[in-house]
Amino acid sequence: QVQLVESGGGSVQAGGSLRLSCAASGRTFSNYAVGWFRQTPGKEREFVAAIRWSGGSAVYADSVQGRFTISRDNAKNTVSLQMNSLKPEDTAVYYCVAQLFGLARVTAMDYAYWGQGTQVTVSS
């Protein structure tokens, strides 16, 4: 089992950058696929980015491709999301997710572990 705690959210103007971090508990973090989803009021959770448990190329939503970068540090049990060229439509609560021996799936139900979320607000 793993517990996830996000940090780094906040408010920024359009065109700016933010870096989200997620700290994971547990000794086998490297065995987990990790990723990020986001949600706005009244909408379903939306896939943002993910990396499979064995590493390799990351997967991104089309809406963030080229602007966001996901990375993981298994030695520090952390996963990060660097967000550049932010747009007002990126405003959402961002959730860190994990799944044991998972692939980089894009569906929320494929992830068993979720953080509490961190708010990102981008103003125009």
So does [Y] get a backbone contact from the side chain of [X], meaning a donor-acceptor N/O pair under 3.5 Å?
{"X": "Y111", "Y": "V106", "answer": "no"}
{"X": "T118", "Y": "G9", "answer": "yes"}
{"X": "Q39", "Y": "E44", "answer": "no"}
{"X": "S25", "Y": "V2", "answer": "no"}
{"X": "R52", "Y": "V34", "answer": "no"}

Exercise. Is Y60 close to T69 at the side-chain level, that is, under 4.5 Å between some pair of heavy atoms?
Worked result: yes
If you round to the nearest 0.5 Å, how far is [atom2] of [Y] from [atom1] of [X]?
{"X": "R72", "Y": "L81", "atom1": "CZ", "atom2": "CG", "result": "14.0 Å"}
{"X": "W114", "Y": "L4", "atom1": "CH2", "atom2": "CG", "result": "10.5 Å"}
{"X": "Q82", "Y": "R19", "atom1": "CD", "atom2": "CZ", "result": "5.0 Å"}

Exercise. Looking at the rings of W53 and Y32, which for Trp means the six-membered one, are their centres under 6.0 Å apart?
Worked result: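 Aromatic pair excluded; centres sit 6.0 Å or further apart.
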Problem set entry | Whether F47 and F37 hold their rings parallel, tilted or perpendicular, with breakpoints at 30° and 60° | perpendicular
Problem set entry | Minimal non-hydrogen separation, V48 against Y94, with atom names |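 Scanning both residues completely, I find the closest heavy atoms to be CG2-CE2, 4.2 Å.
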Exercise. Which is it for Q116 and C96 under the side chain to side chain contact (heavy atoms under 4.5 Å, CB included) test, yes or no, and what are the steps along the way?
Worked result: CA-CA 8 Å; Q116 82 288 352; C96 177; over 6 Å; no
For this session: Ignoring hydrogens and angles, state whether a donor on the side chain of S17 or N84 is under 3.5 Å from an acceptor on the partner side chain.
Result: yes
Exercise. Checking R45 against Y95: charged group under 6.0 Å from the ring centre and within 45 degrees of the axis?
Worked result: yes
